[in-house]
Number of protein chains: 2
Amino acid sequence: MKDEPVRQRILAEATRLFAQRGFEATSVQEIVVSAGVTKGAMYHYFDSKDDLLHEIYARVLRMQMERLTRIADGPGTLKQRLHRAAADVVETTAANLDDSKIFFRSIHLLAPETQKSVRADRRRYHERFRDLVVEGQRAGIFSDRVPADLVVDYFFGSVHHLGTWFHADGPLTGAQVGRHFADLLLTSLGAGNVNE
Amino acid sequence: MKDEPVRQRILAEATRLFAQRGFEATSVQEIVVSAGVTKGAMYHYFDSKDDLLHEIYARVLRMQMERLTRIADGPGTLKQRLHRAAADVVETTAANLDDSKIFFRSIHLLAPETQKSVRADRRRYHERFRDLVVEGQRAGIFSDRVPADLVVDYFFGSVHHLGTWFHADGPLTGAQVGRHFADLLLTSLGAGNVNE
DNA sequence: GGGCATCAACCGACTAGTCGGTATGCTAAG
DNA sequence: CTTAGCATACCGACTAGTCGGTTGATGCCC
């Protein structure tokens with residue numbers, strides 16, 4: 001922890017505090033004390049408090065997009081890939097709950113311009129995921145009774161809400177919840193068994 | 001608007017501003033100016049800024065709980081009642097999007113004690129809803145492959161996230177989204193047709 | 001009906017403190 | 001001598017909440 005690069009340490013502590021107390025309720029002073037540095041150091045690495053939040057967002061979005069792409073373009077049937085992608089995003093979200101909490105609580109506090117760019121990244125992710133569903137609907141593997149966009153909004157609503165109830169020391173692991181959620185998604189698309 | 005009781009006007013404006021700019025980013029000064037009253041008036045009706053937020057929560061929770069109870073204890077088969085309850089909560093959430101936005105963004109900013117009481121109310125709602133699912137699983141009408149609690153978390157995650165993408169002037173009405181979401185819920189419970 | 005008391009509703013200047021951000025200085029490396 | 005990497009002291013803006021005071025309606029006594 002102590003030999004971690006200063007920039008990373010500031011980001012890590014900021015993430016922890018933002019998730020615990022909220023963005024606005026956390027002062028820059030608290031962050032730098034917690035990270036064992038001074039304000040000067042923080043403003044050396046980041047332009048503003050907003051910039052700090054933006055970096056936290058960008059990091060998690062990059063990670064999720066990379067994983068989704070790898071799974072979607074990887075091997076396996078469509079059902080398998082969708083199931084895998086769904087379970088994976090649940091598991092990684094559970095493993096980085098702080099990021100998830102911060103994201104949906106605080107995005108509205110960013111400057112409008114920054115907000116727009118973050119939302120655009122988010123939409124690209126959503127669309128890549130949706131394309132899997134659309135592909136299955138076109139192929140007749142998935143039911144198209146409910147529009148693909150709505151199904152994806154339905155699913156991601158659940159994922160994004162993990163932060164309000166999931167606990168690492170609860171009865172279920174992130175991987176278990178991931179499998180269940182992926183099952184629910186597939187079932188609601190009328191594609192009961194993943195291996196059919 | 002002008003002859004609306006002062007207390008209601010303050011609540012309405014606070015709701016609007018909190019949803020638009022966030023709780024922390026909205027000053028008491030802005031609220032009172034927007035409502036056409038003074039700070040004295042606001043602190044005459046409410047104990048604190050927190051109290052204002054708490055009132056907003058309490059109001060929407062009361063309304064939702066009342067509607068759920070009426071539907072759950074009302075006529076119809078289990079499938080019909082669950083479908084009705086699910087569609088209803090989506091529709092009322094869409095109709096009061098501001099409340100929903102504020103709720104999940106700002107609850108962590110309340111005093112711990114207040115937070116606990118709000119969460120307790122919320123849990124009671126969740127449990128009443130879950131009981132419908134459990135009842136169906138026991139009766140063999142719904143699949144019990146996924147635990148009822150998880151199914152309900154899955155569903156309400158989607159509902160609570162309406163605030164991030166739903167717009168009243170979008171392509172779908174609240175009622176339409178409600179029907180789709182209720183369909184998805186029933187389908188994921190393996191209960192395809194509502195009227196079977 | 002006139003005088004008096006009471007009370008909720010409301011006003012707005014004020015306080016005490018906090019916040020994000022900056023200006024300047026120092027040190028060590030190259 | 002220059003630059004990166006910080007530290008420290010400080011500023012101006014803004015905030016939630018307070019408090020002494022005003023206003024107008026109502027009730028009651030004589």
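Values reported hereafter were calculated over all heavy atoms of this structure, with side chains retained and with hydrogens, waters and symmetry mates removed. Predicted, not measured: the structure shown is a model, and the values here were computed from it. Each chain gets a letter, A, B and so on, in the order the sequences are listed, and its residues count up from 1.
The backbone N or O of A175(B) sits nowhere less than 3.5 Å from a side-chain atom of E91(B) that would complete a donor-acceptor pair.
In this entry the distance linking CE of M42(A) with C1' of dT22(C) reads 13 Å, nearest Å. The separation between F23(A) atom CZ and dG20(C) atom C1' is 10 Å, rounded to whole Å. With rounding to whole Å, L17(A) atom CG is found 12 Å from dG20(C) atom P. Look at CZ on R9(B): it is 13 Å from C1' on dA9(C), rounded to the nearest Å. Protein atom CD of E30(B) is 16 Å distant from nucleotide atom C1' of dG17(D), rounded to whole Å. Remark: P of dG20(C) and CD1 of I31(A) are 8 Å apart, rounded to the nearest angstrom. Rounded to whole Å, atom P of dG20(C) lies 16 Å from atom CG of D47(A). Here the P atom of nucleotide dT22(C) and the OH atom of Y43(A) are 7 Å apart, to the nearest Å.
For the pair Q29(A) and Y45(A), both in contact range of DNA chain D, the more 5′-proximal nearest nucleotide belongs to Y45(A).
Taking the side chain of T38(A) as heavy atoms from C-beta on, and the options dG17(D), dC10(C), dA7(D), the nearest nucleotide is dA7(D). Counting only heavy atoms from C-beta on, V37(A) has its side chain closest to dA7(D) among dT18(D), dA7(D), dG21(C). Closest to the side chain of S27(A), out of dA7(D), dC19(C), dT15(D), is dC19(C).
Using a cutoff of 4.0 Å between basic side-chain nitrogens and carboxylate oxygens, E30(B) and R21(B) are scored as salt-bridged.
Figure legend: cation-pi geometry between R122(A) and F103(A), with NZ or CZ positioned under 6.0 Å from the six-membered ring centre and within 45° of its axis.
Aromatic rings of H180(A) and Y154(B) (six-membered ring for Trp) have centroids beyond the 6.0 Å cut-off, not under it.
Contact annotation: H44(B) does not reach the phosphate of dC10(C) (side-chain N/O to OP1 or OP2, under 4.0 Å). Distances shown here put every side-chain N or O of K39(B) at or beyond 4.0 Å from the OP1 or OP2 atom of dG12(C).
Using a 3.5 Å distance cut-off with no hydrogens or angles, the side chains of S106(B) and R105(A) do not pair a donor with an acceptor.
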